[in-house]
Amino acid sequence: MASKLWEKNVTVDHDVETYTVGRDREMDLYLAPFDILGSLAHITMLQSIGLLSQDELTRLSDELREIYKVAENGDFIIEEGIEDVHSQVELMLTRRLGDIGKKIHSGRSRNDQVLVDLKLFIRSRIEDLTIAVSRLFDTLITQSERYKDVIIPGYTHLQVAMPSSFGLWFGAYAESLVDDLIVLQAAYKISNRNPLGSAAGYGSSFPLNREMTTRLLGFDSMNYNVVYAQMGRGKTERIVAQAIAGIAATLSKLAFDACMFNSQNFGFIKLPDEFTTGSSIMPHKKNPDVFELTRAKCNKLQALPYEITLITNNLPSGYFRDLQLIKENFLPAFDSAISIIDMVNVMLSQVKVNEQVATDPRYELMYSVEEVNRRVLEGTPFRDAYKQVGLAIEAGEFSPSTSLNHTHEGSIGNLCNDHIKALFEQTLSHFDFDTYHRAYKNLLKR
Ligand code: ARG
């Protein structure tokens with residue numbers, strides 16, 4: 001029996017098969033539940049345009065719903081010798097229902113099938129990402145509020161600059177996540193369009209009802225132009241990868257700060273012992289390996305959009321097998337991102353901050369601008385005050401007052417965390433996941 005959907009009377013060379021299938025059988029497991037949902041929508045539409053009878057639709061749908069349960073439980077397998085998830089599902093239907101199973105592929109191609117699978121996968125994983133990001137955001141805001149009065153030096157050029165605080169430090173990363181979430185939302189919107197019906201990339205002579213599959217799968221709209229729908233392969237993944245990379249950039253910066261602040265030379269934060277790792281030779285070591293790996297993992301995630309760019313860079317329009325390779329880098333990226341976010345969340349909720357940092361005389365110079373400003377308020381022109389304080393510092397006669405009075409928006413004394421929280425929640429509320437949940441519920445109910 002031919003094991004390929006497309007095999008006719010020549011059997012493909014074994015090595016060629018191994019080479020072309022590559023890791024696709026493993027990667028397609030990520031897509032299995034979504035492939036089944038896509039097929040449920042497709043066959044419902046096929047029945048509506050007379051390509052399947054009501055009875056055929058009922059029998060096919062019942063089987064697909066059974067297979068969906070298996071996939072949801074993580075028990076779906078792609079058998080030895082079966083090329084991909086699309087072939088496996090069709091094979092299972094044909095085994096169980098005979099010739100009816102062979103009818104489901106009318107009016108589509110694996111090209112639009114994998115496209116729709118990817119879009120459904122992306123929607124669901126972006127939802128998971130937003131949940132993880134929200135948890136981390138809440139922790140950052142909580143810690144910012146808790147430690148809003150703990151002063152630390154701020155740095156420029158890694159030189160002591162001006163007073164900062166743990167309130168500012170935690171809150172800065174919270175606000176960074178707001179913007180990362182906006183980018184993620186743009187990626188979500190671009191992903192939330194239906195490519196099904198573009199078939200191999202040029203549509204079909206069947207009168208497909210694309211409006212119907214768009215609605216059945218809970219998409220915002222379709223990708224109208226069939227050639228553009230196919231062009232979305234690679235482009236969609238790249239845009240989503242850019243959004244993931246944005247979050248990763250925020251967290252790798254945070255991770256570097258955390259490693260640095262945790263060093264004895266700074267001593268700003270301390271990780272609980274159980275969150276540090278030891279050395280095989282130096283008995284005193286308590287290393288921040290978690291943040292070091294966070295940094296490296298985030299850097300790997302930031303490479304993802306470039307990897308996708310390079311795979312797709314010089315391809316003209318139309319489908320090419322090159323696109324298959326994106327899956328290997330792209331599909332596992334969500335698990336990676338979510339595990340990083342969750343780990344950073346745990347670390348930051350347990351971290352101990354040193355409340356006495358600012359009392360250390362080596363940071364005295366961070367108050368230089370405070371002193372200049374005090375003199376300005378007393379009537380000295382800024383440039384003169386600047387010079388007076390500068391000369392006092394040079395002469396070793398600078399002994400500043402450590403009182404601080406920062407009141408403007410976003411400063412030490414006025415963090416505006418409520419506003420930051422409102423921005424985050426406003427962005428979050430513009431994600432619409434309910435529509436697709438409702439659509440799936442309808443497709444899956446008998
Ligand atoms: N595994 C393929 C991919 O991910 C599925 C599409 C196959 N299409 C084809 N024309 N060979 O791209």
Side-chain angles (χ1 to χ4, degrees), residues 2-8 10-39 41-42 71 76-93 102 104-125 191 194-204 213 223 226-241 304 307-334:
S3 61
K4 309 281 167 301
L5 295 174
W6 43 269
E7 225 161 46
K8 290 157 290 272
V10 179
T11 307
V12 80
D13 178 88
H14 179 260
D15 290 347
V16 167
E17 181 187 343
T18 307
Y19 191 81
T20 53
V21 171
R23 291 178 61 200
D24 224 27
R25 295 171 62 245
E26 176 196 338
M27 288 304 123
D28 275 9
L29 292 180
Y30 285 95
L31 302 179
F34 306 107
D35 196 76
I36 296 157
L37 289 164
S39 288
H42 183 66
F76 186 90
I77 51 161
I78 298 176
E79 296 165 33
E80 205 55 46
I82 304 303
E83 211 178 1
D84 52 30
V85 63
H86 326 296
S87 316
Q88 179 68 38
V89 173
E90 190 173 317
L91 176 72
M92 288 163 93
L93 290 175
K102 298 186 197 161
I104 67 164
H105 209 57
S106 306
R108 72 174 178 185
S109 151
R110 282 180 299 170
N111 296 357
D112 64 337
Q113 208 179 340
V114 63
L115 263 167
V116 85
D117 292 4
L118 283 166
K119 299 237 188 172
L120 303 184
F121 170 84
I122 288 168
R123 282 197 314 202
S124 139
R125 299 315 320 260
S191 307
N194 183 19
L196 199 60
S198 60
Y202 301 94
S204 164
T213 55
N223 291 126
V226 290
V227 174
Y228 179 62
Q230 177 55 54
M231 277 160 64
R233 183 88 185 270
K235 175 173 174 168
T236 313
E237 296 98 303
R238 191 195 73 235
I239 290 167
V240 174
L304 185 61
E307 289 168 343
I308 298 173
T309 298
L310 288 174
I311 294 172
T312 55
N313 212 24
N314 295 319
L315 297 181
S317 57
Y319 175 84
F320 296 94
R321 196 70 180 268
D322 308 48
L323 298 165
Q324 171 178 299
L325 233 51
I326 297 170
K327 289 193 277 194
E328 292 174 23
N329 302 43
F330 180 71
L331 300 180
F334 287 90

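Atoms within a ligand are numbered from 1 in the order they appear, just like the ligands themselves. For the numbers below, each heavy atom of this structure counts, side chains included, while hydrogens, waters and symmetry mates do not.
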Could you go through residues 112-121 and list every donor-acceptor pair under 3.5 Å that involves a side-chain atom there, pairing it with any protein atom two or more places apart or in another chain?
from, atom 1, to, atom 2, distance (Å)
Asp112, OD1, Ser109, N, 2.9
Asp112, OD2, Gly197, N, 2.9
Asp112, OD2, Ala199, N, 3.0
Gln113, NE2, Asp35, OD1, 3.3
Gln113, NE2, Asp35, OD2, 3.3
Lys119, NZ, Arg193, O, 3.0
Lys119, NZ, Asn223, OD1, 2.8

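Of the possible polar contacts, one joining the Asp84 side chain to the Ser87 backbone as a donor-acceptor pair under 3.5 Å is found.
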For ligand 1, output the ligand-protein N/O contacts shorter than 3.5 angstrom; if there are none, return none.
from, atom 1, to, atom 2, distance (Å)
ligand 1, 1 (N), Asp24, OD2, 2.6
ligand 1, 1 (N), Gln324, OE1, 3.0
ligand 1, 4 (O), Arg233, NH2, 2.9
ligand 1, 4 (O), Lys327, NZ, 3.0
ligand 1, 8 (N), Asn111, OD1, 2.9
ligand 1, 10 (N), Asn111, OD1, 3.3
ligand 1, 12 (O), Arg233, NH1, 3.0
ligand 1, 12 (O), Arg233, NH2, 3.3
ligand 1, 12 (O), Tyr319, OH, 2.5

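In this structure, Asp322 CG and Arg233 CZ are separated by 10.0 Å, a value rounded to the nearest 0.5 Å.
Tested against Glu83, the residues Gln88, Arg25, Arg110 include a single side-chain contact (heavy atoms from CB on, under 4.5 Å) partner, Arg110.
Applying the side chain to side chain contact (heavy atoms under 4.5 Å, CB included) rule to Glu26 yields the partners Arg23; only residues at least two apart in sequence or on another chain are considered. In this structure Val16 satisfies the side chain to side chain contact (heavy atoms under 4.5 Å, CB included) test together with Val12, Asp13, Thr20, sequence neighbours excluded.
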